[in-house]
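Note on naming: letters A, B, ... go to the chains in the order of the sequence lines (proteins, then strands), and numbering restarts at 1 for each one. The figures here come from the full heavy-atom set of this structure, side chains too, leaving out hydrogens, waters and symmetry mates.
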Amino acid sequence: MAEPILEIKGIGKSYRLLHGHAHEYKRLSESMVSLFTHPVQTIKEVRKTKERFWALRDINLSINKGEAVGIIGANGAGKSTLLKILSQVTRPTEGEVLIRGKVGSLLEVGTGFHPELTGKENIYLNGSILGMKRAEIESKFDDIVKFSEVEKFLDTPVKRYSSGMYVRLAFAIAAHLEPEILIVDEVLAVGDAQFQKKCLGKMKDVSEEGRTVLYVSHNMKTVEALCDRTVLLSQGKMAMVGPTSEVTQHYLGMGGGQGEIFRISKPVLKWVGLINRGELNEINPEDDLEFVIEMETGTEDLHHLQIDIYLYNEKDIMVLEAREKYLDEGFDLRPGERIRFHVKFKSPKLAPGRYHMSVKVGRFITYLWVERVDACNVIGKAYFGNAIFFENVQSTVIPEYTMDVERVK
Amino acid sequence: MAETKVKVIRPRSSRLDLGLGEIWEYRELLFFLVWKDIKIRYKQSVVGAAWAVIQPLFTMMIFTFLLGNLVKVPTDGIPYPIFSYTGLVLWTYFANVVNQGSHSLIGNASLVTKVYFPRALIPLATCVAGLLDLGIASIILVGMMFYFHVSLTIMIVLFIVPVIMIFILATGLTFWLSAVNVRYRDVVFLVPFFIQLLLFATPVLYATSTFPESLTWTFYINPLVGIMTLQRGIWLGTAVDWTIVGCSVLITAVVFIVGLYYFRVYERDFADVI
């Protein structure tokens, strides 16, 4: 068998713990003054900052050519740090990485875009920053433009682009990189759902062409759609490696979903999903929004529980909530039980975009609080009752409306 | 299957080179960064290319009035405007580039934390982009030569030498200052002050002959002095002290190597600190 294209051997990264400094950098004047005014303290301070915090430790992983590997984990688990090391932006504190191929990394969409430059100029600049040769950019220029769907605005400075156009152009450039190893960090978190789907398709093509993809995301659906194997990071360590579906199930079981768990004592959230929808959890604005939330109990009897469900949009604004009345009896959970909630919002008419939800279970004590679970993508143009379509909706909901003119005088 | 090159990422590489080979590998990116610098500057200012000329020209006019007419600084018999402009062409380049260059890493923090390429390209791009202005300002210098009837000597074939020297000197300083500035954010406030001091310590607006005898030893350690005397010798045919020029070449090379070396040592931590 061929050697792995990427070998990570005992990688660790630590940062100094800083006391009293918000940033890593200092002011020369401060350092000088403190050295003169409190020489002993300053030297002590220097010694104190030797305290280290390990953002990442003992990471071992071999990736073969043509594999697509997902990396998941809560915020602060070390996902981005790992990608930064692999893309040589920062160096590890210990361990080593062997890379047998050209690496292209996409840690951010549109790195180095300059607002004053036109779309065309930014294609050249960004392409070369991402490691493309000039001839390569020239030969792919038409494809990039086509993919980005901004043909008409090529000679417009990107500062006048809508955020959607900006992201489309930026991703189009990145999508045409042809490295042997592509490292992608959460770039699909931006842009509208349709474009996201297109990007996901493009990344799938990349991995099917036999190139290696490393993909970090909070979106379990996209990880499942793209990756064969997934690594779960937790507090800087590798918590699990294995087939994607097993790892994501385990992660959701931990109450992960998208992010932080504030308290997870007794019940365990198994699964949150939309009913009868495709892999991207897509619905149209006028569709009913139906969720199934499944949870399992631990070892204890829990009585009179209530469940609260909150739905947030991309700006973290709560748009919908569903909860049981506090005066009601609530529900009970007995050991070994599994319980399912069916929640249905009737035609909520949400504006297109991505939504995430929080689930809270408890009464006076919160037993379970899961945040940022991927809920749904509302797609399609906003549809209004009087058959008007709007491309850009600013509001959070788009109910049908009528507007009549009346001459009063 | 052909053996592919294995890249190894380690905490510290065992040997430390200046990374010039890698800079050469990334020359296309350097070109695009320079092109961006120039493009943006010319897009943002109404006067555009004229700015390259206005700055040294106005400085020349002001000092012609102050030093040429009021104080009557001796200039070895050369008309003050052209005497000062010859030096100011290089000086303006040096001052602008060092000033802008020391901000360059901080200003491009998003690049530093998100993509890999030799970071030296960032300050280097500032220094290369400045050469365009220097070129435009030099064309005016040729015009002034005709206006003041200064005849060219054979020395003119060397005209590129002081330009190369000041480019290397400014680049070396910029490497060092931009790297220091990542660590200590207030260094940028000292830079303009330091440049101002250098202007007075360097015979840009006055002739070397007017410098106090007791301080002429500084000519050997201030690399700008050699560059300025060479520049005047080439354009105006004044006497050149080759010992001073030699010292200048040596110090310029040292500044460049030490600056780049310092940059390389701290380069690996930029993304964590910036």
Side-chain angles (χ1 to χ4, degrees), chain A residues 2-3 5 7-8 11-13 15-16 23-32 84-103 105-108 110-117 121-122 124-135 137 157 180 185, chain B residues 1-13 25-37 39-45 105-119 121-122 125 180-190 267-274:
Chain A
E3 285 181 302
I5 194 162
E7 274 181 87
I8 303 170
I11 282 293
K13 170 86 187 173
Y15 290 96
R16 275 179 307 166
H23 304 289
E24 280 265 344
Y25 60 80
K26 294 174 246 180
R27 293 193 191 286
L28 183 62
S29 48
E30 277 171 17
S31 303
M32 299 280 240
K84 278 187 180 175
I85 291 171
L86 295 181
S87 45
Q88 291 190 71
V89 165
T90 183
R91 67 191 164 89
T93 315
E94 57 179 34
E96 65 175 22
V97 185
L98 300 178
I99 301 172
R100 297 185 177 87
K102 193 182 155 203
V103 178
S105 60
L106 192 56
L107 301 189
E108 181 188 64
T111 305
F113 260 41
H114 198 286
E116 295 285 341
L117 296 178
E121 290 164 344
N122 269 308
Y124 279 93
L125 179 65
N126 185 250
S128 80
I129 286 172
L130 292 176
M132 279 194 245
K133 294 266 173 259
R134 190 182 186 163
I137 303 170
E180 286 151 297
D185 188 6
Chain B
M1 203 181 96
E3 191 60 33
T4 36
K5 217 170 84 181
V6 182
K7 184 157 222 156
V8 184
I9 302 173
R10 281 209 186 92
R12 275 182 193 285
S13 77
E25 239 174 79
Y26 278 82
R27 60 192 182 278
E28 280 197 2
L29 178 55
L30 177 65
F31 166 81
F32 278 112
L33 292 175
V34 170
W35 169 82
K36 177 193 87 168
D37 260 22
K39 198 118 198 173
I40 286 159
R41 202 148 42 88
Y42 285 47
K43 265 186 188 173
Q44 280 170 340
S45 79
L105 281 175
I106 304 294
N108 285 293
S110 70
L111 284 187
V112 174
T113 55
K114 300 288 180 195
V115 223
Y116 174 77
F117 57 85
R119 277 76 179 83
L121 293 186
I122 296 174
V180 169
N181 194 34
V182 172
R183 243 147 226 277
Y184 299 105
R185 290 299 159 90
D186 48 355
V187 167
V188 278
F189 303 120
L190 294 175
E267 180 179 23
R268 305 135 159 183
D269 296 325
F270 286 165
D272 297 334
V273 179
I274 211 162

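If you measure heavy-atom distances from A:L86 to chain B, the contacts under 4.5 Å come from the backbone alone. Heavy atoms closer than 4.5 Å to chain A are found nowhere in B:Y26, neither backbone nor side chain.
Taking each heavy atom of B:E28 and A:M132 in turn, the nearest pair found is OE1-O, 4.5 Å. Shown here for B:T113 and A:L107, the closest heavy-atom pair between the two residues is O-CD1, 4.3 Å. The two residues A:L125 and B:W35 have their closest heavy-atom pair at CB-CZ3, 4.4 Å. Here the shortest heavy-atom pairing between A:S128 and B:L29 reads OG-CD1, 3.3 Å.
In this structure, NZ in B:K114 is found 7.0 Å from CG in A:D185, a value given to the nearest 0.5 Å. Separating the CZ atom in A:R91 from the CD atom in B:E267 is a distance of 11.0 Å, to the nearest 0.5 Å. The structure places NZ of B:K36 at 9.5 Å from CG of A:N122, a figure rounded to the nearest 0.5 Å.
Ranked by heavy-atom pairs shorter than 4.5 Å toward chain A, the options B:F117, B:F31, B:F270 are led by B:F31.
Taking A:T90 as the reference, A:K13, B:D272 meet the side chain to side chain donor-acceptor pair (under 3.5 Å) condition, with sequence neighbours excluded. In terms of the side chain to side chain donor-acceptor pair (under 3.5 Å) criterion, residue partners of B:K39 (sequence neighbours excluded) are, by chain and number, A:E121.
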